[in-house]
Amino acid sequence: MSFVRQEGQHRVAMTPQYDEFNNQFNAMVQTLNGSLDRENLPTSCIGRGELATRAAWRGSITDGLMLDSSYYDSLTSGYEGVDYDLYHGGWVTHSTAPSMACKEGMLHVEFNCWAWHESSSVVGSADMYFRFQLVIPGLGVIAQSDKIYTHMTSVFLVSDIPVTQGSHSVQIQWLCPSPDSGASLTQRFFWWEGGSLLMINRYR
């Protein structure tokens with residue numbers, strides 16, 4: 001049978017100390033940088049001329065995003081929007097998924113839009129709200145709103161997440177409650193537009 005230890009003793013050599021790690025790391029940095037760092041560089045000695053283009057970051061912005069046309073049809077009730085004839089519940093992924101070639105580092109993502117929904121009981125759902133979330137395939141959900149009950153409002157999601165080198169895309173998803181029994185299939189109840197997605201890849 002396996003041996004069960006009755007007591008344990010810490011071994012200093014096996015316990016990493018941050019000072020020891022920092023000193024070793026700083027020594028390597030000084031070797032690579034010729035003992036130059038932000039503490040001993042002359043003021044204003046490095047400007048745009050000394051930095052290569054996109055030396056520390058790259059960015060991408062996609063605007064003009066709005067509700068996919070597959071989730072609304074022609075004007076039949078005075079205004080456009082999602083109805084239960086086309087939407088039956090669950091998360092919907094927008095057809096546009098902006099992507100960017102990243103280097104290993106951090107990916108900063110910002111999404112904003114304005115959204116409207118019918119908050120009265122005519123839509124056939126007692127708990128009427130909507131939600132948005134951002135998803136990076138392979139990494140999962142990186143930002144998600146709470147339930148939004150406001151009749152008309154702006155939506156803003158932001159996230160910072162570490163990424164590997166390669167192409168990464170961001171999916172925009174939205175959700176509304178499923179209809180209750182007896183709900184009108186042609187009643188418009190949700191719309192979003194004016195969306196933009198900003199992606200900034202930061203690296204060293």
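Since we're looking at a predicted model, the values are computed, not measured.
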K.L.:
How about Gln173 and Thr93: does a side-chain donor come under 3.5 Å of a side-chain acceptor?
P.N.:
yes
K.L.:
Sort out for me which residue in Trp91, Tyr87, Phe130 forms a ring pair (Phe, Tyr, Trp, His ring centres under 6.0 Å) with Trp174.
P.N.:
Tyr87
K.L.:
May I ask whether Val141 and Met199 are part of the same hydrophobic cluster, defined by side-chain heavy atoms of I, L, V, M, F, W, Y residues being less than 4.5 angstrom apart, directly or through others?
P.N.:
no
K.L.:
I'd like to know if the side chain of Asp68 and the backbone of Ser70 have a donor-acceptor N/O pair within less than 3.5 Å.
P.N.:
no
K.L.:
So do Ile142 and Val109 actually touch side chain to side chain, heavy atoms under 4.5 Å?
P.N.:
yes
K.L.:
Roughly how far apart are Phe111 CZ and Thr62 OG1, rounded to 0.5 Å?
P.N.:
11.0 Å
K.L.:
Would you give the length of the straight line joining atom NE2 of His168 to atom CD1 of Ile136, rounded to the nearest 0.5 angstrom?
P.N.:
7.0 Å
K.L.:
Apply ring-ring contact (aromatic ring centres under 6.0 Å, His included) to the pair Tyr84 and Phe189, showing each step before the final yes or no.
P.N.:
CA-CA 9 Å; Tyr84 288 126; Phe189 64 87; 4.3 Å; yes
K.L.:
Provide the closest heavy-atom pair for Ala115 versus Phe132 in the form atom of the first, atom of the second, distance.
P.N.:
CB-CE1, 4.2 Å
K.L.:
What residues, two or more places apart in sequence or in another chain, satisfy side-chain hydrogen bond (donor to acceptor under 3.5 Å, both in side chains) together with Trp192?
P.N.:
none
K.L.:
Quick one: list whatever passes side-chain hydrogen bond (donor to acceptor under 3.5 Å, both in side chains) with Gln144, sequence neighbours left out.
P.N.:
Arg131, Gln133
K.L.:
Do you reckon Leu134 sits in the same ILVMFWY cluster as Phe156, going by side-chain contacts under 4.5 Å, direct or chained?
P.N.:
no
K.L.:
Could you tell me if the side chain of Thr164 sits less than 4.5 Å from the side chain of Glu104, heavy atoms only?
P.N.:
no
K.L.:
Transitively linked via ILVMFWY side-chain contacts under 4.5 Å: Leu139 with Val135?
P.N.:
no
K.L.:
Do the side chain of His151 and the main chain of His117 share a donor and acceptor less than 3.5 angstrom apart?
P.N.:
yes
K.L.:
Would you indicate whether the side-chain heavy atoms of Ser169 and Pro137 approach each other to under 4.5 Å?
P.N.:
yes
K.L.:
Supply the atom-to-atom distance Ser60 OG to Leu198 CG, rounded to the nearest 0.5 angstrom.
P.N.:
8.0 Å
K.L.:
Could you measure the distance from the CE atom of Met66 to the OH atom of Tyr71? Nearest 0.5 Å is fine.
P.N.:
15.0 Å
K.L.:
Rounded to the nearest 0.5 Å, what's the gap from OG1 on Thr96 to CG on Leu197? Could you check?
P.N.:
10.5 Å
K.L.:
Within the distance-only criterion (no hydrogens, no angle test), does the side chain of Asn201 pair as donor or acceptor with the backbone N or O of Met106 below 3.5 angstrom?
P.N.:
yes
K.L.:
Asn112 and Ser196: which non-hydrogen atoms are nearest, and at how many Å?
P.N.:
OD1-OG, 2.7 Å
K.L.:
Mind checking the CD-CG spacing from Glu193 to Leu65? Nearest 0.5 Å is all I need.
P.N.:
10.5 Å
K.L.:
So which atom in Ala97 and which in Gln171 form the shortest heavy-atom distance, rounded to 0.1 Å?
P.N.:
CB-CG, 4.1 Å
K.L.:
Using the rule that two of Ile, Leu, Val, Met, Phe, Trp, Tyr join whenever any of their side-chain heavy atoms come within less than 4.5 Å, decide whether Tyr129 and Leu67 are in one cluster.
P.N.:
yes
K.L.:
Between Ala143 and Val158, what is the shortest heavy-atom contact and its length?
P.N.:
CB-O, 4.1 Å
K.L.:
Would a 4.5 Å heavy-atom cut-off, applied to side chains only, mark Asp146 and Ile148 as touching?
P.N.:
no
K.L.:
Is the shortest heavy-atom distance from the side chain of Val82 to the side chain of Cys176 under 4.5 Å?
P.N.:
no
